[in-house]
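Worksheet for the structure shown next.
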Number of protein chains: 2
Amino acid sequence: MGSRWGINRTVGQIYALLYISGHPLPADEIAEVLSFSRSNVSMGLKELQSWRLVRLQHLPGDRREHFSTPGDVWQIVRILAEERRRREIDPTLSVLRDLLLKKPGNADERAIQHRLQEMHDLIELLTRWSEDVQRLETQQLTQILRLGAGIIRLLDLKNALPLLGTKRRPAKSPPGDAIPDEDVLADEGVDGD
Amino acid sequence: MGSRWGINRTVGQIYALLYISGHPLPADEIAEVLSFSRSNVSMGLKELQSWRLVRLQHLPGDRREHFSTPGDVWQIVRILAEERRRREIDPTLSVLRDLLLKKPGNADERAIQHRLQEMHDLIELLTRWSEDVQRLETQQLTQILRLGAGIIRLLDLKNALPLLGTKRRPAKSPPGDAIPDEDVLADEGVDGD
DNA sequence: TGGTTTGTTCAGAAAAGTCTGAAAGATTAA
DNA sequence: TTAATCTTTCAGACTTTTCTGAACAAACCA
């Protein structure tokens, strides 16, 4: 399940086990439960640690090292986003910027640079946004996400509002239209499509 | 560059070539430029077509099939998001939901289901948000993304605003504080870290 | 000290994935 | 129809990645 994400199958299984288990496990138990060789587990855990996705713990009365995942799913998202950015996005942007610094030799090269520029700007915009909102409190973050496209209504509202600051009063405040209903923010239930 | 994304190296190169080229290319030219075998290119193009990332075109006066990418980067994002959702996210959610429907046999299983539920809700929230905003006009979408975490100020504003709808007038409209400055929305330049 | 437990490394076996050439299939033109 | 041009398929060669067992290292205990 979902092993196409830059991390291999076994590592994914180890992580999943730690995640659902909810308490720290020693390497030999992981090996036993998943029927992997002890060395395979050792390597898997090392990789997960390098991604900061599991952390090592010592339990009193047990000499073995135990491993566990962060308890909070949002913490996982944040770590994953950071690491992917550091490992994949930043190097890509860096290569793109290098290419964009070269003087184009002819019209073709200029056209190519234009395409590269568009891609660069796109990636940068998405990455920045993601970094930026990840810094918010989880509470605020979920609120924004739950709003979904409803956010646009807020934006419309904002565009209309400076009038308030400048003129005496807005033409009229149309509450049903520009101001989102409370229930836009409400939990939407979990039945999918 | 960036070949860890569920698509292999050669396919990535073919796509990159089509993207920067900016005009439709026939398979044999791709094979020549990249020094791949003709059959390799054929398979790569087939995969790209199955992702809807390239489309086939016939140019007048040329019997060969030509291939090109969508010109608009946002179009690429939308297609990629849709396909990944269809291929990876939806099946994952479906498995999770199945597991959540089972009656837990004991406290352990209940705890596991709780963890799965959290993961499910997280994925669903992120996916829904992404689907939702992707439907917006590109113009609006970029506006929101550029706002970044500044969005939270709009949210604060919103929380303060229902007063407007209910009461005659807000206590006072404090523009410098609750209303984001214009330059939050302005283009931020492209020099990264 | 030596014995035991736990953790790591690494060479090569095993598995998975990629690429190619040859052959067959399609389409067009005459 | 045949010839010419272009595309697809696929068995197997080749490459890369993953996994294991054995050997080593480090920590602990008696």
Side-chain angles (χ1 to χ4, degrees), chain A residues 1-18 21 23-69 83-84 87-88, chain B residues 1-18 21 23-69 83-84 87-88:
Chain A
M1 201 171 72
S3 51
R4 296 216 162 282
W5 277 74
I7 241 171
N8 85 47
R9 187 192 166 80
T10 359
V11 175
Q13 280 179 267
I14 295 173
Y15 186 77
L17 176 60
L18 291 175
S21 147
H23 57 89
L25 291 177
D28 52 354
E29 266 184 50
I30 298 171
E32 189 177 6
V33 174
L34 299 177
S35 310
F36 296 156
S37 73
R38 184 64 187 63
S39 55
N40 198 357
V41 172
S42 177
M43 284 171 137
L45 286 170
K46 247 188 134 190
E47 181 162 359
L48 286 170
Q49 280 177 284
S50 88
W51 279 83
R52 292 185 295 141
L53 284 171
V54 305
R55 69 170 182 286
L56 187 152
Q57 277 168 293
H58 281 284
L59 263 55
D62 196 329
R63 197 137 75 68
R64 297 170 302 176
E65 291 171 337
H66 290 63
F67 299 86
S68 62
T69 64
E83 286 290 326
R84 282 197 98 92
R87 295 171 184 230
E88 295 164 15
Chain B
M1 202 171 72
S3 52
R4 295 216 161 282
W5 277 73
I7 241 172
N8 85 47
R9 187 191 166 79
T10 357
V11 175
Q13 281 179 266
I14 295 173
Y15 186 75
L17 175 61
L18 290 176
S21 147
H23 57 90
L25 291 176
D28 51 355
E29 268 185 50
I30 298 172
E32 189 178 6
V33 174
L34 299 177
S35 310
F36 297 157
S37 73
R38 184 63 187 68
S39 54
N40 198 357
V41 172
S42 177
M43 284 171 141
L45 286 170
K46 239 187 142 190
E47 181 163 359
L48 286 170
Q49 279 177 286
S50 87
W51 279 84
R52 293 185 295 140
L53 284 171
V54 304
R55 69 170 184 285
L56 188 150
Q57 277 167 293
H58 281 283
L59 263 53
D62 196 329
R63 195 138 75 69
R64 297 171 301 177
E65 292 172 334
H66 289 63
F67 299 87
S68 62
T69 63
E83 286 292 324
R84 282 197 98 93
R87 293 170 185 231
E88 295 164 15

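Since the model is a prediction, treat every value here as computed from it, not as a measurement.
- Across all non-hydrogen atoms, the minimal contact from L45(B) to A27(B) is CD1-CB, 3.9 Å.
- Remark: N8(A) is in phosphate contact with dC19(D), judged by side-chain N or O atoms under 4.0 Å from OP1 or OP2.
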Filtered N/O pairs between nucleotides 27-30 of chain C and protein, under 3.5 Å:
{"unit_1": "dT27(C)", "atom_1": "O2", "unit_2": "R63(B)", "atom_2": "NH1", "d": "3.4"}

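- Within the structure, side chain to side chain donor-acceptor pair (under 3.5 Å) pairs that include any residue of residues 25-34 of chain B comprise D28(B)-R64(B) (at least two apart or interchain).
- Atom C1' of nucleotide dA4(D) and atom CZ of R64(B) are separated by 14 Å, given to the nearest angstrom.
- A straight line from CG of L45(B) to P of dT7(D) spans 9 Å, rounded to a whole angstrom.
- With contacts defined as side-chain heavy-atom distances shorter than 4.5 Å, the pair T10(A)/V41(A) does not qualify.
- Regarding E29(A), its CD atom lies at a distance of 11 Å from the P atom of dT6(C), rounded to whole Å.
- Look at CG on L25(A): it is 15 Å from P on dT6(C), rounded to the nearest Å.
- A straight line from CD1 of I7(A) to P of dT17(D) spans 15 Å, rounded to a whole angstrom.
- Taking atom CD of residue E47(B) and atom C1' of nucleotide dT8(D), one finds them 16 Å apart after rounding to whole Å.
- Looking at L56(B) and Q49(B), their side chains come closer than 4.5 Å, going by heavy atoms from C-beta outward.
- Distance, H66(B) NE2 to dC6(D) C1': 12 Å, rounded to whole Å.
- The side chain of K46(A) contributes an N or O atom lying less than 4.0 Å from OP1 or OP2 of dT9(C).
- Under the 4.5 Å side-chain criterion, counting only non-hydrogen atoms from C-beta, R9(B) is in contact with Q13(B).
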| task | Could you check L53(B) against Y15(B) for side chain to side chain contact (heavy atoms under 4.5 Å, CB included), going step by step and ending with a plain yes or no? | result | CA-CA 8 Å; L53(B) 284 171; Y15(B) 186 75; 3.7 Å; yes

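- Between H66(B) and H58(B), every side-chain heavy-atom pair lies at or beyond the 4.5 Å cut-off.
- Of the residues in residues 30-43 of chain A, those lying under 4.0 Å from DNA chain C by heavy-atom distance are R38(A), S39(A), S42(A), M43(A).
- Atom CD of E65(B) is separated from atom C1' of dT5(D) by 12 Å (rounded to the nearest Å).
- A cation-pi arrangement, defined by a distance under 6.0 Å to the six-membered ring centre and an angle within 45 degrees of its axis, is absent between R84(A) and W51(A).
- The side chain of A27(B) lies closest to dT7(D) when the candidates are dT7(D), dT9(C), dC19(D).
- Here the side chains of R55(A) and S68(A) are in contact, with some heavy-atom distance below 4.5 Å.
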